[in-house]
Amino acid sequence: VTCCQDRDPSIRMSAVAALGKMRSGRAVPALVRCIQDRDEVQEIRMEAASALAFTRCESAVEGLRGCLEDEKVDPAVRSLVEEALAQIRT
């Protein structure tokens, strides 16, 4: 989880992808922070949204909704956030 805050974007990307594969609810706060970080690389934000969909944790819903309320969120990120919410709800 701490690797999600590494200086190296490739390490952050690998960490986010690994957390998604683990499908652990413990990863939700770190993944939500990645999505909500406007300075984060878009690809990492997109991967974090996909990873949250894999966790299927209700605890991610609030953070994902908050991302949708941000008008400056990139459309590609927004789309994956919407998909993640749909997966969590099913």
Side-chain angles (χ1 to χ4, degrees):
V1 172
T2 58
C3 290
C4 290
Q5 297 174 338
D6 196 275
R7 289 183 180 176
D8 185 340
S10 65
I11 291 175
R12 291 195 309 273
M13 178 64 93
S14 295
V16 167
L19 289 172
K21 290 177 184 174
M22 290 174 47
R23 300 179 184 209
S24 171
R26 292 184 295 170
V28 168
L31 294 171
V32 167
R33 278 192 302 275
C34 285
I35 292 174
Q36 292 178 340
D37 183 355
R38 290 184 182 170
D39 295 326
E40 183 56 88
V41 177
Q42 178 180 336
E43 289 79 10
I44 295 174
R45 293 176 81 187
M46 292 170 64
E47 184 68 31
S50 296
L52 282 168
F54 285 125
T55 67
R56 300 180 78 94
C57 288
E58 286 290 325
S59 60
V61 170
E62 184 178 335
L64 290 167
R65 283 187 183 150
C67 185
L68 291 179
E69 293 172 5
D70 184 351
E71 295 176 7
K72 295 182 181 180
V73 171
D74 182 270
V77 173
R78 180 179 299 279
S79 177
L80 286 171
V81 166
E82 290 169 348
E83 288 179 30
L85 282 168
Q87 284 190 353
I88 291 170
R89 292 181 186 141
T90 59

Search all heavy atoms of Cys57 against all heavy atoms of Val28 and return the closest pair with its distance. CB-CG2, 3.8 Å

Using every non-hydrogen atom in the two residues, find where Ala49 and Leu80 come nearest and quote the distance to one decimal. CB-CB, 3.8 Å

Could you tell me whether the side chain of Val77 reaches within less than 4.5 Å of the side chain of Gln42, counting heavy atoms only? yes

CZ of Arg26: more than 12 outside heavy atoms within 6.0 angstrom? no

Heavy-atom closest pair, residues Arg78 and Leu68: NH1-O, 2.7 Å

Which heavy atom of Val41 sits nearest to which heavy atom of Arg12, and what is that distance? CG2-NH2, 3.9 Å

If you count heavy atoms of other groups shown closer than 6.0 angstrom to CD of Glu62, is the number above 12? no

Determine yes or no for a side-chain-to-main-chain donor-acceptor pair under 3.5 angstrom, with Arg65 supplying the side chain and Leu85 the backbone. no

Could you check Ser24, Cys3, Cys4 and say which one makes a side chain to side chain contact (heavy atoms under 4.5 Å, CB included) with Leu19? Cys4

Answer yes or no: is there a donor N or O on one side and an acceptor on the other, between the side chain of Ser14 and the main chain of Ser10, under 3.5 Å? yes

Measure the CD-CD distance between Gln36 and Glu69 for me, rounded to the nearest 0.5 Å. 10.0 Å

Report yes if some heavy atom in the side chain of Gln5 is under 4.5 Å from a heavy atom in the side chain of Arg33; otherwise report no. yes

Strictly distance-based, threshold 3.5 Å: is any side-chain N or O of Arg23 a donor or acceptor partner for the main-chain N or O of Thr55? no

Do you reckon Phe54 sits in the same ILVMFWY cluster as Met13, going by side-chain contacts under 4.5 Å, direct or chained? no

Between the side chain of Glu83 and the main-chain N/O of Ala53, is any donor-acceptor distance below 3.5 Å? no

Quick one: CE on Met46 to CG on Asp74, what's the gap to the nearest 0.5 Å? 7.5 Å

Residue pair Ala51 / Leu31: nearest heavy atoms and the distance that separates them: CB-CD1, 3.8 Å

With side chains defined as the heavy atoms from C-beta onward, is the minimum distance between Val73 and Val81 less than 4.5 Å? no

Cluster question for you: counting only ILVMFWY and a side-chain heavy-atom cut-off of under 4.5 Å, with indirect links fine, are Ile11 and Ile35 together? no

Closest non-hydrogen contact found for Leu64 with Ala84 is CD1-CB, 4.0 Å

